[in-house]
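Written out below as structure tokens is the structure these notes cover.
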Amino acid sequence: MSIRPDYNFTEIESSWQKYWEDSKTFAASSETDKEKYYILDMFPYPSGAGLHIGHPEGYTGTDILARYQKAKGKNVLHPIGWDAFGLPTEQYAIKTGKHPRQTSVDNIATFRKQLKEIGFSYDYNREVDTTDPRYYRWTQWIFLQLFKRGLAYVDKRPVWWCEELGTVLANEEVIDGKSERGSYPVVRRNLRQWILKITAYADRLLEDLKEVDWPASTKKMQSEWIGKSTGATARFELDGLNETLEIYTTRPDTLMGATYMVLSPEHSLVGQLTVEEQKTEVEEYIKTSAGKSDLERTDLAKEKTGVFSGSYAIHPITTDRIPIWIADYVLISYGTGAIMAVPAHDKRDFEFAEQFGLPIVQVIKGESDEPLPYIGDGSLINSGEFDGLPWQEAKRQIIAKLGANGTGEKSTQYKLRDWLFSRQRYWGEPFPVAWVSEENYQAAVKSGTLDEWLPEDPVRYRDENGERFALPVPPASLPLELPNVESYEPAGTGESPLKNAEEWMEIWYQFETGAFVPATQEKPEGNAWVRASRETNTMPQWAGSCWYYLRYMDPHNSAALASPEALEYWKSPDMYIGGAEHAVLHLLYSRFWHKVLYDEGIVKTKEPFAKLFHQGMLLGEDGQKMSKSRGNVISPSVVIDRYGADTLRLYLMFLGPLEAMKPWSSKGIEGVYRFLKKVWRESIGRDGSLNSKIQDGIEDRKETEKLLNETIKKVTEDTENIRLNTAISSMMIFANHMQSSESISLSAAKRFLQLLAPYAPHIAEELWNRMGETESITLAPWPTVDESKLVSDEVKIIFQVNGKMRGQTMVSQSATQEDILEIARQEPRVQAQIDGKTIRKIIFVPGKILNIVAN
RNA sequence: GCCCGGGUGGCGGAAUCGGUAGACGCAGCGGACUUAAAAUCCGUUGUCCGUAAGGACGUGGGGGUUCAAGUCCCCCCCCGGGCACCA
């Protein structure tokens, strides 16, 4: 039987958690005259495994900031929710037959309970759940905004297909060209997909990065992902064919060095360009490259492959005949899918030319004799009329010449591709569209009821069954809810399990109201009833997470995604903290949707996340990434049982800078636990009443006052700048001082507790209460620094000789250089160093250093 | 290959307007309290030389600038992350 610990965290923590919940301490206020502070966490995917230690790391960071800003008097919005659509839940359903909805509800309950045990100051009244029809109603509504703006379309796209499993696989489910489940072979297969035209926003997504306060590396990653480049397109006549070949280059200055052309195997002109005698070889090559996975294509990067087409292009300036090759180092998805090859000045072209014995003509010359391929700058040679021009000037002149010929012009390209926005899955948002015949589409157009929601050009799709048109469902009829299905297994055709929900899929459909009945029933009366099919695809998990930060502002609104007043007041999060793994996709997709909503006049800011911070990854005790198989996983609940939530929070922050990657240490946590026990002991005596050293109304020693104010200053600054580890250090220093002090004023003890409160809120509340306060410590205004207490009469001066420390002294603030020099000369260590030397110079940094330069 | 981050005691990490390197914590060592343990407290701990006072060395390696460099400049090595034939 263990002795009841004097610091009984279990009791304290659960009682204060209950208090906060009952008192609605953290409900964001609706008083909109107060200054707002909106701080956002990346909401979790509620997996079956429960909370991972990585979650509370970032969440403690935001919680400290939220509580701090509240103490500073801001109206704080600090919400949490659940990104609950997703693959693992669906796979669990396939395995067990349990409805994904039920799994989500259960997992969410576990997550919520675990988060509450850590004492986060979330406004749980504002929880969102992406799988709740009341939420995804608005995800679908935003999709309709994109749809009507012509930003959504349908096309075939290659996706991973596994014949044995009869399903489409996500990139993450394909490991080394085999399915993750069962290790079956996978191939690329073209399937019908919804695609969002994010490329239409490429420039703005790039430009507006300048406006946001994000980690530089994340901005850079985004801008590289968007991948803007400027160059020129040029059109080459084809020898003996009535066609032109368009290419894109960033180096129009090297046009005169183009010695051959390359087409991607998928290029539409390949067929026409291939001469009879090359036909077998070319067809064989196309077949081989089509069978290669992305992995193989890049893995084989060292050895370039390709075949000659037998045809020639005409150089637009020299009119020389240049051979045309087919090679898969040219990607169909970038530029025009064809290039002019300049082997002298491009590494890849150089390798290819070497391999196939193609001519290499140097046209740029640098300062010295650089080896080829030469990528740097210089001026032109072997370029006829352009010889001698600096390359930048040559770019302009060559583009101008092409322009005059009508054979080319300046152009811009992006690496960013349109966003593949559909999944062949059950557990996702259904697309709010109905597929109808052209005739029925026209009827719906004529009816005028959908006028505001129709795109200028209809979204259509043609397959072996003919052409169908996508009609938006009337927004008022949203949400379009997921039907129940017998089985969550894929349909085996490459379509989602929804295909099997026939009564939902094949329907009689009222395009004015969105009403529907199964097609197996009799057609209801009325002109607006037409035969329709539902979309079998569902939206990807990104959809719900693209806009959740908006829903938190007004989560229960059934008339809009959020009221204009709420959007106007909260605008967008002031701080967003989450993992760097979302540096590109989630953040880019969110920014895209936000900009569409901005164009629609719904949101008031151009960018969703003005300030972004990434917490670093937490490693296992062995310095390795935590994983079940390594057995180095730390469970938050185990830590809480043993040390309490305050210790967990404090230790997570004390480990190192929030942004750093750092290993857990089960020994290290003892240190912060001891610190909290010390704080407890210094506040509460053995008998449970206030420690007798804390006295009301007494004057603190100068030293104590100085340290307290230094601590307030340090904790304030460090909290503002998210240097939470050093804020904790300074609180430890103060606690050590309390311990060694005979007495301390009640007022000082209380101010210290306030500093601690955002970090270790339960113990702070408890001690605050025991010090006689009746209201929550979260309502007390943040302590201010009394600058007058920071200055002391004396200051420490370090003596140096030739820059090396040789002693120190305390002198009055008013001491002059001469005074201090005199003291330094008395110092034996200084004397020993300057003895027999000539003093050349004295460097004096007031309040810090006196350096004697002597030799 | 390219682009970012980063290398500081036995360990996690402090200190970057150039100004005492190693705050705070862990671990270690010595001690107090205790029948004993837990808990707690006190002292000590970069390396080397020295009984000590003190001295020399020391922030991945090499060079440089400076009265003074973890911090600034040049070259190199290592680790982590991202991208990866984008013409």
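In what follows, chains are A, B, ... by sequence order, proteins preceding strands, each numbered from 1.
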With B for base contact, S for sugar-phosphate-only contact and - for none (protein heavy atoms under 4.0 Å), nucleotides 39-55 of chain B reads SSSS------------S
Could you work out the separation of [N] and [M] based on their [atom1] atoms and round it to a whole Å?
N: B:C24; M: B:G61; atom1: P; value: 26 Å
N: B:A27; M: B:G18; atom1: C1'; value: 33 Å
N: B:A37; M: B:C33; atom1: P; value: 12 Å
N: B:G82; M: B:G25; atom1: C1'; value: 33 Å
N: B:A39; M: B:C49; atom1: C1'; value: 41 Å
N: B:A15; M: B:U59; atom1: C1'; value: 11 Å
N: B:G62; M: B:G58; atom1: P; value: 9 Å

In a table with atom names and distances, give each donor-acceptor pair under 3.5 Å that connects a side chain of residues 836-850 of chain A to protein atoms at least two apart or in another chain.
unit_1: A:Lys837; atom_1: NZ; unit_2: A:Gln833; atom_2: O; d: 3.1
unit_1: A:Arg840; atom_1: NE; unit_2: A:Asn855; atom_2: OD1; d: 2.6
unit_1: A:Arg840; atom_1: NH2; unit_2: A:Asn855; atom_2: OD1; d: 3.2

Side chain of [X], heavy atoms from C-beta onward: which of [options] has the nearest atom to it?
X: A:Asp328; options: B:C85, B:G19, B:C67; value: B:C85
X: A:Ile733; options: B:U20, B:G19, B:C24; value: B:C24
X: A:Met221; options: B:A87, B:A23, B:G82; value: B:G82

[X] [atom1] to [N] [atom2]: how many Å, rounded?
X: A:Gln222; N: B:G82; atom1: CD; atom2: C1'; value: 13 Å
X: A:Leu707; N: B:A23; atom1: CG; atom2: P; value: 16 Å
X: A:Asn851; N: B:A68; atom1: CG; atom2: C1'; value: 6 Å

Considering non-hydrogen atoms only, spot the tightest contact between A:Ile744 and A:Met738 and give its length.
->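 Closest pair (atom of A:Ile744, atom of A:Met738, distance): CD1-CG, 3.5 Å.
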A:Ile360 and A:Ala353 have their tightest heavy-atom pair at CG1-CB, 4.0 Å
Quiz item: Is any side-chain nitrogen or oxygen of A:Asn736 closer than 4.0 Å to OP1 or OP2 of B:G25?
Solution: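 The answer is yes; a side-chain N or O of A:Asn736 sits under 4.0 Å from OP1 or OP2.
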If you compare every side-chain N and O of A:Lys841 against the phosphate oxygens of B:C67 (OP1, OP2), does one of them come in below 4.0 Å?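 Looking at the OP1 and OP2 atoms of B:C67, one of them is under 4.0 Å from a side-chain N or O of A:Lys841.
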Base B:C85 to side chain A:Lys347, donor-acceptor N/O within 3.5 Å cut-off =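 Result: no qualifying N/O pair found.
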Does any donor-acceptor pair link the side chain of A:Gln800 with the base of B:G19 at a separation under 3.5 Å?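 For A:Gln800, whose side chain was compared with the base of B:G19, there is a donor-acceptor pair (under 3.5 Å).
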Side chain to side chain contact (heavy atoms under 4.5 Å, CB included) with A:Ile577: of A:Gln615, A:Glu659, A:Glu57, only one passes, and it is A:Gln615
For nucleotides 12-14 of chain B, give me every protein contact, N/O to N/O, under 3.5 Å, one pair per line with atom names.
unit_1: B:G12; atom_1: O2'; unit_2: A:Leu655; atom_2: O; d: 2.6
unit_1: B:A14; atom_1: OP1; unit_2: A:Asn725; atom_2: ND2; d: 3.0

**Request:** Report which part of the nucleic acid A:Ser730 touches: base, sugar-phosphate, or nothing (heavy-atom distance under 4.0 Å, all strands).
**Result:**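 If one applies the 4.0 Å heavy-atom cut-off, A:Ser730 turns out to touch nothing in the nucleic acid.
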Here the ring pair (Phe, Tyr, Trp, His ring centres under 6.0 Å) pairs for residues 717-736 of chain A, sequence neighbours left out, are A:Phe734-A:Phe752
Considering residues at least two apart in sequence or located in another chain, which fulfil the salt bridge (Lys or Arg N to Asp or Glu O under 4.0 Å) criterion with A:Asp718?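 A:Lys714, A:Arg723.
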task = Give a yes/no verdict on a cation-pi contact between A:Lys304 and A:Phe352, requiring under 6.0 Å between NZ or CZ and the six-membered ring centre and an angle within 45° of the axis.
result =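 No, A:Lys304 and A:Phe352 do not form such a contact.
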Run through RNA chain B and report every stem of 3 or more consecutive Watson-Crick or G-U pairs, distances under 3.5 Å, ordered by first number.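 Stem list for RNA chain B: B:1-7 with B:77-83, B:10-12 with B:24-26, B:28-32 with B:40-44, B:46-49 with B:54-57, B:60-64 with B:72-76.
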